[in-house]
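Just so it is clear, the structure is predicted and the values come from calculations on it, not from any experiment. FYI, the numbering just counts along the sequence from 1.
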Amino acid sequence: MHINKGSKILILRFSSIGDIVLTTPVIRCLKQQTGAEIHYLTKSKFSELLVDDPHIDQLWTFENNWKEIKPALQNEQYDLIVDLHKNMRSYGLSWALGCKTIRFDKLNFRKWLTVFSKRIVLPQKHLVDRYFDALKPYGIYNDGKGLDLHFKKQDLTVFKLPATYAVGVLGATYYTKQIPRVKWEEIIGTSKFPVVLLGGTNERSLGDDLTAVYPGKLINLCGQTTLQQSAAVIQSCEYLITPDTGMMHIGAAFKKSMHVFWGNTIPEFGMYPYYGDEKVNWVSHEVKDLSCRPCSKLGYQQCPKGHFKCMMEQTV
């Protein structure tokens with residue numbers, strides 16, 4: 001089956017930052033290879049990531065539940081849904097709209113088995129490539145250009161950034177993904193560039209503490225930037241230092257070299273930096289052969305074992 005030029009397609013990915021950025025090759029390839037009308041549905045707080053994407057004809061958002069805009073979506077009479085979220089909510093939406101839906105294999109059972117057994121039973125394939133496996137029967141192929149991130153030019157002069165700098169990402173959704181303060185002190189001490197710190201308001205105090213340790217070497221922007229401003233800061237950096245977080249994928253969209261520090265998660269889950277066909281140097285930092293790792297495919301707000309060796313035993 002092939003998708004006709006006059007088709008109207010709705011792509012679903014409700015959250016979060018990195019997951020949405022990882023859908024951008026699908027958006028681009030569907031638009032460029034079919035000429036179809038592309039709509040996208042996500043949560044309002046993530047709209048900054050997509051609002052300027054030239055491959056999206058209509059961006060739909062909701063605050064808490066897609067049912068807020070259910071009548072409007074039903075009026076669109078979509079020909080096809082591409083469900084890149086694949087949970088009960090997205091199943092419910094495709095059922096409500098009553099049109100054909102393409103879904104991909106989330107490999108949740110294999111991920112659970114990997115967490116439970118500590119043996120890798122996952123294919124050596126990135127999530128983006130699994131998206132395109134689901135689209136292949138419809139004549140859609142991966143163009144190899146990697147991830148996209150489009151936004152209007154941001155004025156960063158207020159932040160007084162140096163001409164050359166690295167970026168350090170302090171925040172992560174789960175504690176067991178975050179790089180601990182003691183490790184940040186080691187990392188910053190090795191950097192030959194000034195380091196700009198990014199994170200939310202929760203990381204502001206950590207950024208201030210690190211700035212006190214390294215006065216003149218750090219610029220703490222935690223809690224001060226919009227999502228697009230954070231992306232613009234990353235776009236102009238020399239390299240990125242980050243845990244497994246959405247900013248890692250934003251860095252990959254800009255083809256940035258990076259150091260990735262993995263805590264409870266592992267790159268074998270298929271969400272490591274994705275550059276498409278371009279060869280970009282990046283370094284994966286892991287504590288190998290821990291009997292408790294990976295302890296979750298997502299993360300925890302504290303180490304289940306209490307020792308946090310997956311981060312505390314990292315070498316810098």
Side-chain angles (χ1 to χ4, degrees), residues 13 15-29 46 49 84 104 106-107 111 114 120 122-133 142-151 165-174 176-179 183-184 187 191 193 195-199 227 230-288 293-294 297-299 310-311 314 316:
R13 182 68 225 192
S15 59
S16 291
I17 294 173
D19 299 292
I20 291 170
V21 174
L22 288 173
T23 69
T24 56
V26 173
I27 302 170
R28 179 182 65 246
C29 290
F46 302 114
L49 294 167
L84 302 182
F104 72 106
K106 291 184 81 168
L107 302 177
K111 289 179 182 178
T114 297
I120 306 300
L122 293 156
Q124 295 182 352
K125 183 172 286 191
H126 197 281
L127 174 63
V128 173
D129 295 316
R130 289 194 279 116
Y131 285 160
F132 281 97
D133 284 346
N142 190 345
D143 61 11
K145 295 179 181 179
L147 311 178
D148 274 339
L149 194 56
H150 302 274
F151 54 86
Y165 60 88
V167 164
V169 179
L170 298 191
T173 305
Y174 297 97
T176 51
K177 285 186 175 182
Q178 295 171 9
I179 301 172
K183 290 300 170 182
W184 273 117
I187 292 166
S191 176
F193 298 118
V195 180
V196 178
L197 302 176
L198 292 178
L227 194 47
S230 293
V233 170
I234 291 173
Q235 186 179 32
S236 298
C237 77
E238 289 297 311
Y239 62 86
L240 188 64
I241 307 158
T242 180
D244 174 15
T245 185
M247 295 296 146
M248 172 182 73
H249 300 297
I250 287 177
F254 296 129
K255 305 296 190 291
K256 292 296 176 179
S257 296
M258 64 182 81
H259 291 264
V260 182
F261 289 79
W262 302 89
N264 73 275
T265 57
I266 55 176
E268 287 83 359
F269 284 155
M271 297 181 70
Y272 47 87
Y274 187 81
Y275 300 106
D277 292 340
E278 189 166 336
K279 302 299 181 185
V280 179
N281 290 326
W282 70 283
V283 181
S284 181
H285 299 265
E286 298 178 76
V287 180
K288 297 282 192 178
R293 181 175 177 267
K297 68 184 182 71
L298 296 175
C310 59
M311 277 296 186
Q314 293 269 9
V316 178

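With Trp262 as reference, Arg293 is the one residue of Arg293, His285, Met311, Lys177 to meet the side-chain contact (heavy atoms from CB on, under 4.5 Å) rule.
Lys288 pairs by the salt bridge (charged side-chain N to carboxylate O under 4.0 Å, His left out) definition with Glu286, not counting sequence neighbours. The side chain to side chain donor-acceptor pair (under 3.5 Å) search around Asp19 returns none, not counting sequence neighbours. The salt bridge (charged side-chain N to carboxylate O under 4.0 Å, His left out) check on Lys256 picks up nothing, with sequence neighbours excluded. With sequence neighbours left out, the salt bridge (charged side-chain N to carboxylate O under 4.0 Å, His left out) criterion links Asp129 to no other residue. For Arg28, the salt bridge (charged side-chain N to carboxylate O under 4.0 Å, His left out) partners at least two apart in sequence or on another chain are Asp143, Asp148.
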**Message:** Determine whether Leu127 and Tyr274 satisfy the following criterion, side chain to side chain contact (heavy atoms under 4.5 Å, CB included), listing intermediate values before the conclusion.
**Reply:** CA-CA 9 Å; Leu127 174 63; Tyr274 187 81; over 6 Å; no
**Message:** Between Leu240 and Val169, does the side chain to side chain contact (heavy atoms under 4.5 Å, CB included) criterion hold? Intermediate values first, please.
**Reply:** CA-CA 8 Å; Leu240 188 64; Val169 179; 3.9 Å; yes
**Message:** Does Ile187 form a side chain to side chain contact (heavy atoms under 4.5 Å, CB included) with Val195? I'd like the steps, not just the answer.
**Reply:** CA-CA 10 Å; Ile187 292 166; Val195 180; over 6 Å; no
**Request:** Please report the C-alpha distance between Met258 and Asn281 in whole Å, then the side-chain angles of each, then the deciding distance to 0.1 Å, and finally whether the side chain to side chain contact (heavy atoms under 4.5 Å, CB included) criterion is met.
**Result:** CA-CA 7 Å; Met258 64 182 81; Asn281 290 326; over 6 Å; no
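Counting only residues at least two apart or in different chains, side chain to side chain donor-acceptor pair (under 3.5 Å) contacts with residues 264-273 comprise Thr176-Asn264, Asp244-Thr265.
The number of heavy-atom neighbours closer than 6.0 Å to NZ of Lys145, taken from other residues, nucleotides and ligands shown, is 12 or below.
Between the SG atom of Cys310 and the CZ atom of Phe261 there is a distance of 13.0 Å, given to the nearest 0.5 Å. A distance of 11.0 Å separates CH2 of Trp282 from OG1 of Thr242, quoted to the nearest 0.5 Å. Taking CE of Met271 as the start and OG1 of Thr245 as the end, the distance is 10.5 Å to the nearest 0.5 Å. Between atom CD1 of residue Ile241 and atom CG of residue Leu198 there is a gap of 11.0 Å, rounded to the nearest 0.5 Å. Here Thr23 contributes atom OG1 and Leu84 contributes atom CG; the two are 6.0 Å apart, rounded to the nearest 0.5 Å. The distance from atom OG1 of Thr24 to atom CG of Leu147, rounded to the nearest 0.5 Å, is 4.5 Å.
Listed for the Trp184 side chain is a donor-acceptor partner under 3.5 Å among the backbone atoms of Ile179. Looking at Arg130, its side chain never comes within 3.5 Å of a backbone N or O of Phe132 through a donor-acceptor pair.
Counting only N and O atoms by type, the side chains of Tyr239 and Ser191 include a donor and acceptor under 3.5 Å apart.
You'll find the side chain of Asn142 stays beyond 4.5 Å of the side chain of Tyr131, heavy atoms only. Using a 4.5 Å heavy-atom threshold, the side chains of Met247 and Leu227 count as touching. Contact annotation: the side chain of Phe269 approaches that of Lys111 to within less than 4.5 Å [non-hydrogen atoms, C-beta and beyond]. Side-chain contact between Ser257 and Val280: present, with at least one pair of heavy atoms (C-beta onward) separated by less than 4.5 Å. For the pair Leu22/Arg13, no side-chain contact is recorded, criterion being any heavy-atom separation below 4.5 Å from C-beta on. Side-chain contact check for Leu149 versus Ile250: some heavy-atom pair is nearer than 4.5 Å. A 4.5 Å side-chain heavy-atom check between Pro25 and Val128 finds at least one atom pair inside the cut-off.
Scanning both residues, Pro273 and Val260, for their nearest heavy atoms gives CG-CG2, 3.9 Å. Considering all non-hydrogen atoms of both residues, Gly171 and Pro243 come closest at O-CG, 4.0 Å. Of all heavy-atom pairs between Phe254 and Ile234, the closest is CD1-CG2, 4.2 Å. The shortest heavy-atom contact between Phe46 and Ser16 is CZ-CA, 3.8 Å.
In summary, the aromatic rings of Phe193 and Tyr165 are positioned with their centroids too far apart to meet the 6.0 Å limit.
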